[in-house]
Amino acid sequence: MAKRSILMFSKTRRIAAYPLLVIALVWAVLMGISIGTVHIPILSVVNIIWSNIFQTPLAAHVADMHENIVMNIRLPRVVLSGLVGASLAIAGAAFQGLLRNPLADPYTIGVSSGASVGAVLTLFFNLSLPFIGLYTLPVVSIMASFITIFLVLFFARQVDRTMRVETIILTGVIFSSFLGAMISLMIALTGEELRQIIGWLLGSVAMRGWEYVGIILPFFIIGTVILLLHAKELNAMSFGEDQAKHLGVNVERKKLNVLIAGSLLTGAAVAVSGTIGFVGLVIPHFIRILWGPDHKHLLPLSILAGAAFLILADLVSRIIIAPAVLPIGVITALIGAPIFALILMRRRFERS
C-alpha cells in the first residue's frame with residue numbers, strides 16, 4: 001500500500017509538472033516581449049499577437065510603434081531563444097541518457113565545436129554561397145556539425161566495432177580539442193572580423209529575425225520527434241547497453257539515431273545563435289532531480305524548461321547593462337556554472 005501511494009504521488013507530481021512549466025514558459029515569453037528599452041504593457045502584447053494571428057483590429061490604445069517592436073523585433077527574438085533553449089535541453093537530456101552520465105551535454109561529442117568551425121570559417125573568409133546568401137552562415141555551420149558527428153562515429157567505429165559509450169566520448173573529446181585549436185588559429189590570424197567572430201562564439205540571438213526562426217524550426221521538429229520516439233530505448237540504454245540488448249533493443253542502430261538527432265538539434269542551435277553553454281547540461285539534470293529519470297517525461301519537460309530558461313537569460317542579457325547588450329552565452333555561463341557547482345556538491349553529500 002505504501003509503495004502504491006509513493007508511485008501515485010510521483011505520477012501526480014510529474015503530471016503537475018507540465019502545466020507548471022507551460023505557465024513558466026508563457027510567463028517568460030510575455031516578460032521577454034514586454035520588458036526592454038521601450039516598455040510595452042502585457043495586455044498590449046497579448047492584443048498585438050492575437051490581432052496578427054487572427055487578423056482582428058488592434059485595440060485603440062495600442063500604438064503602431066509597439067506593434068512593430070513586438071512583431072518584428074522582440075517576438076522573433078523570443079521565439080528563437082525558446083527554440084534554441086529547447087533544442088539544447090532535449091539534446092542534453094538525450095545525450096545524458098545515452099552516455100549514462102548526468103553530467104554530459106550536447107558538446108561532449110564535438111558537434112558544437114564542428115558547428116563553430118563552420119561559422120568561423122564563413123566569417124573568416126567572408127563566404128557567401130550562391131542562391132542562399134544570408135543563410136550561408138547557418139547552412140555551413142549545420143553542414144560542419146554533421147561532418148563532425150559522422151567523422152566522430154566513423155573513427156569511433158574503427159577503434160571499437162561496438163561503438164561503446166567510452167569510445168564515442170573519447171573520440172568526441174579528441175575532435176573538440178582539434179577543432180578548438182583550429183578556431184584559435186583563425187582568431188589569431190583574423191583582422192577586422194575578430195570582433196564579429198568573438199561575438200558569435202559568445203552566443204547571441206540579437207538582430208536575428210523570423211528568417212532564423214525558419215532556419216532552426218524544421219531541424220527542431222525533426223530532431224525532437226526522433227528523440228521523443230526513442231524515449232523507451234533511452235530508458236533501456238540508461239541501465240547499460242548489455243541490459244538494453246537483453247530487452248530487445250537494437251543498441252547500435254538506436255544509438256546512431258539518438259546521436260544524429262541530438263547532433264542535428266545542437267548543430268542547428270549553434271548555427272543560429274553561436275555557442276551557448278550549460279543549457280543542455282543544467283536543465284535536464286534539474287528536471288531529472290525534480291521529476292525523475294523517465295525519458296518519456298524528461299524529454300518534453302526539458303523542452304519546456306530549456307525554452308523558458310533561455311528566454312529569461314536573453315531578457316537578462318538585454319536589461320542588465322541597458323542600453324548595451326551582453327552575449328547570452330555569458331549569462332548562461334554565469335547562471336549555469338554556480339548551479340552546476342551546487343549540483344556537484346549535492347551529489348557528493350548524497351554519496352557521503
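Positions are given from 1, in the same order as the sequence printed here. On a predicted model such as this, the values are computed, not experimentally measured, just so you know.
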Cluster overlap [X] with [Y], hydrophobic side-chain contacts below 4.5 Å:
| X | Y | value |
| --- | --- | --- |
| Ile42 | Ile69 | yes |
| Trp50 | Ile53 | yes |
| Val282 | Leu290 | yes |
| Ile73 | Ile311 | no |
| Ile23 | Ile287 | no |

Gap separating the [atom1] atom of [X] from the [atom2] atom of [Y], nearest 0.5 angstrom:
| X | Y | atom1 | atom2 | result |
| --- | --- | --- | --- | --- |
| Ile328 | Ser204 | CD1 | OG | 7.5 Å |
| Ile35 | Ile40 | CD1 | CD1 | 11.0 Å |
| Ile222 | Leu265 | CD1 | CG | 9.5 Å |

More than 12 heavy atoms of other residues, nucleotides or ligands under 6.0 Å from [atom1] of [X]: is that the case?
| X | atom1 | value |
| --- | --- | --- |
| Phe178 | CZ | no |
| Met143 | CE | no |
| Ile320 | CD1 | no |
| Phe146 | CZ | yes |

Would you check if the side chain of [X] reaches a backbone N or O of [Y] as a donor-acceptor pair within less than 3.5 Å?
| X | Y | answer |
| --- | --- | --- |
| Trp210 | Met71 | yes |
| Arg318 | Ala206 | no |
| His230 | Ile226 | yes |
| Asn235 | His295 | yes |
| Thr266 | Ser263 | no |
| Arg74 | Ser34 | yes |
| Asn52 | Ile48 | yes |
| Thr171 | Thr167 | yes |

Evaluate side-chain hydrogen bond (donor to acceptor under 3.5 Å, both in side chains) for Thr136 paired with Thr122, printing each intermediate quantity in order. CA-CA 8 Å; Thr136 299; Thr122 303; over 6 Å; no
Contacts of type side chain to side chain donor-acceptor pair (under 3.5 Å), residue Arg288, not counting sequence neighbours: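 For Arg288 the side chain to side chain donor-acceptor pair (under 3.5 Å) partners, ignoring immediate neighbours, are Gln96.
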Between Phe286 and Phe309, does the ring centre distance come in under 6.0 Å?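 They do not qualify: ring centres at least 6.0 Å apart.
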Side chains of Leu189 and Phe124: does their closest heavy-atom pair fall under 4.5 Å?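 Side-chain contact under 4.5 Å: yes.
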Tell me, do Val79 and Tyr212 make a side-chain contact under 4.5 Å, heavy atoms counted?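 No, too far: nothing below the 4.5 Å cut-off.
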Do you know the tightest heavy-atom contact between Ser81 and Leu310?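 Result for this residue pair: O-CD2, 3.3 Å.
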